[in-house]
Amino acid sequence: RDFVAMRLVQSASVGLLAKPLDRAAVVRMVDRAAEIAPHNDTVQQRAGIIYMYAGAYEKAAVHLAGLPDRDMLMQISLGHSLLLSGKAEEGLDILRTAVQETRAREQQGLIGPFHYALYLNNIGYALAEGNVDLERAHALVAEAMRIHPLQPAFIDSLGWCYYRTGDYRQAMFYLERAARLGGPATSAETHYHLGATYARMGRIRLATLALVKALEYDPQYEEAAAELRHLHYSLPRPMRA
């Protein structure tokens, strides 16, 4: 059972990087892995993270909250999942505590610059995704970028922070940069962020191209599909779950 469960979570992890992504299939694999190996800590920990990245935030929140031991990435993922599953106060408390713990670990030399920047970025991005505490979100992501200024994921996060605060011109600057630096590996999220920003700026053709690209990578990306519907774009037939 442990072997099969590990193979399932490994396949689910690979599935998250597949283009096109099939979120429903990824979630089904994780469901099965968690079911058949309920006492395997590695399986259960990885399952919670995969749920979050697959957009199954309620499952991720329940799963991560039930784990007895969580590292910093799991703590941040739990806060992120709570925010996006309607439990904003609980998620905010976890993320604010994660900021304090991250700073303390960095000062004590327990984590290096990369992980310090990664944790700050992930917390800031979670806040921006939840559309809460945006000033803090911006400050955290900007600090991460000062450490690793060419990391596409960090640049995308900063652009999304600007989008959330309504500064679409600055958002466009950073999101276009993230897309350039990401190249062929640019995520569906970055294409969606860029498309939403173009739409707010009235650049409908560019918005449509970016949003269609996001759906090519992730056909079940409901936010991108909703944005295209808002632009009165005729959507392709969705991928069968």
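Note that this is a predicted model, so its numbers are computed, not measured. We're numbering straight along the sequence, starting at 1.
- Applying the salt bridge (Lys or Arg N to Asp or Glu O under 4.0 Å) rule to pairs touching residues 186-202 yields Arg200-Glu227, sequence neighbours excluded.
- The minimum heavy-atom distance linking Ala34 with His63 is given by the pair CB-CE1, 3.9 Å.
- Looking only at side-chain heavy atoms (C-beta outward), Leu92 and Leu127 come within less than 4.5 Å of each other.
- Leu134 and Ile155 fall into different hydrophobic clusters, where Ile, Leu, Val, Met, Phe, Trp and Tyr side chains are chained together by heavy-atom contacts under 4.5 Å.
- Partners of Asp156 by salt bridge (charged side-chain N to carboxylate O under 4.0 Å, His left out), not counting sequence neighbours: none found.
- The two residues Val30 and Ala12 make their nearest non-hydrogen contact at CG2-CB, 3.7 Å.
- Checking side-chain atoms of Ser81 against main-chain N and O of Met52 turns up no donor-acceptor pair under 3.5 Å.
- In this structure, Leu95 CG and Asn122 CG are separated by 10.0 Å, a value rounded to the nearest 0.5 Å.
- Considering only heavy atoms from C-beta on, Leu21 stays 4.5 Å or farther from Tyr217 through its side chain.
- Val99 and Leu110 fall into different hydrophobic clusters, where Ile, Leu, Val, Met, Phe, Trp and Tyr residues are linked whenever their side-chain heavy atoms come under 4.5 Å apart, directly or through other members.
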**Report entry** Derivation of the side-chain contact (heavy atoms from CB on, under 4.5 Å) call for Glu129 and Arg164
**Finding:** CA-CA 8 Å; Glu129 276 285 88; Arg164 287 301 202 191; 4.2 Å; yes

Donor-acceptor list for residues 136-150 side chains, cut-off 3.5 Å, not counting sequence neighbours:
{"residue": "Arg136", "atom": "NE", "partner": "Asp133", "partner atom": "OD2", "Å": "2.9"}
{"residue": "His138", "atom": "NE2", "partner": "Tyr162", "partner atom": "OH", "Å": "3.2"}
{"residue": "Glu143", "atom": "OE1", "partner": "Arg103", "partner atom": "NH1", "Å": "3.1"}
{"residue": "Glu143", "atom": "OE1", "partner": "Arg103", "partner atom": "NH2", "Å": "3.1"}
{"residue": "Glu143", "atom": "OE2", "partner": "Arg103", "partner atom": "NH1", "Å": "3.1"}
{"residue": "Glu143", "atom": "OE2", "partner": "Tyr116", "partner atom": "OH", "Å": "2.7"}

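- In this structure, the side chains of Leu231 and Leu211 come closer than 4.5 Å at one or more pairs of heavy atoms.
- Checked against side-chain hydrogen bond (donor to acceptor under 3.5 Å, both in side chains), Lys59 has the following partners two or more places apart in sequence or in another chain: Asp31.
- Below 30°, between 30° and 60°, or above 60°: for Trp160 and Tyr163 the angle between ring planes is below 30°, a parallel geometry.
- More than 12 heavy atoms of other residues, nucleotides or ligands shown are found within 6.0 angstrom of CG on Asp71.
- Residues Leu73 and Leu118 have side chains in contact (heavy-atom distance under 4.5 Å, counting atoms from C-beta outward).
- Taking both residues in full, the closest heavy atoms of Met172 and Leu194 are given as O-CD1, 4.4 Å, listed atom of the first, atom of the second, then distance.
- Considering only residues two or more places apart in sequence or on other chains, Ser11 meets the side-chain hydrogen bond (donor to acceptor under 3.5 Å, both in side chains) condition with none of them.
- At a threshold of 4.5 Å between side-chain heavy atoms, the hydrophobic network of Ile, Leu, Val, Met, Phe, Trp and Tyr places Val62 and Leu67 in two separate groups.
- Identified under the side chain to side chain donor-acceptor pair (under 3.5 Å) test for residues 165-184, with sequence neighbours left out: Glu176-Tyr198.
- In this structure, Gly130 and Leu84 approach most closely via the heavy-atom pair N-CD1, 4.0 Å.
- No donor-acceptor distance shorter than 3.5 angstrom exists from the side chain of Arg105 to the backbone of Ile111, with no hydrogens or angles considered.
- Residues that satisfy the salt bridge (charged side-chain N to carboxylate O under 4.0 Å, His left out) test with Arg32, not counting sequence neighbours, are Glu35.
- Side-chain heavy atoms closer than 4.5 Å link hydrophobic residues (I, L, V, M, F, W, Y) into clusters, and following such links, possibly through other members, connects Tyr119 to Phe114.
- Within the structure, salt bridge (Lys or Arg N to Asp or Glu O under 4.0 Å) contacts touching residues 5-15 (residues at least two apart or in different chains) do not occur.
- Every residue meeting the side-chain hydrogen bond (donor to acceptor under 3.5 Å, both in side chains) condition with Tyr125, not counting sequence neighbours, appears here in chain and number order: His193.
- Residues passing the salt bridge (charged side-chain N to carboxylate O under 4.0 Å, His left out) test with Glu101, sequence neighbours excluded: none.
- In this structure, Arg46 CZ and Asp41 CG are separated by 13.5 Å, a value rounded to the nearest 0.5 Å.
- Legend: residues meeting salt bridge (charged side-chain N to carboxylate O under 4.0 Å, His left out) with Lys213, ordered by chain and number and at least two apart, are Glu216.
- Met6 and Val14 are not part of a single hydrophobic cluster, where members link through side-chain heavy atoms under 4.5 Å apart.
- The CZ atom of Arg70 sits 6.5 Å away from atom CD1 of Ile94, with the distance rounded to the nearest 0.5 Å.
- The CD1 atom of Ile123 sits 4.0 Å away from the CD1 atom of Ile76 when rounded to the nearest 0.5 Å.
- Residue Ala88 comes nearest to Leu83 through the heavy atom pair O-CD2, 3.5 Å, listed as atom of the first residue, atom of the second, then distance.
- Other residues, nucleotides and ligands place no more than 12 heavy atoms under 6.0 Å from the CD atom of Glu135.
- Not counting sequence neighbours, the partners of Ala153 by the side-chain contact (heavy atoms from CB on, under 4.5 Å) test are Gln151.
- Using a 4.5 Å heavy-atom cutoff, the side chains of Thr208 and Leu228 are in contact.
- To the nearest 0.5 Å, atom CD of residue Gln220 and atom CD of residue Glu222 are 10.5 Å apart.
- Residues Ser77 and Leu64 meet the side-chain proximity criterion, which asks for heavy atoms closer than 4.5 Å.
- When all heavy atoms of Arg23 and Ala54 are compared, the closest pair comes out as CD-O, 3.2 Å.
- The SG atom of Cys161 lies 8.5 Å from the CG atom of Asn121; values are rounded to the nearest 0.5 Å.
- Heavy-atom contacts from other residues, nucleotides or ligands closer than 6.0 Å to CD of Glu58 number 12 or fewer.
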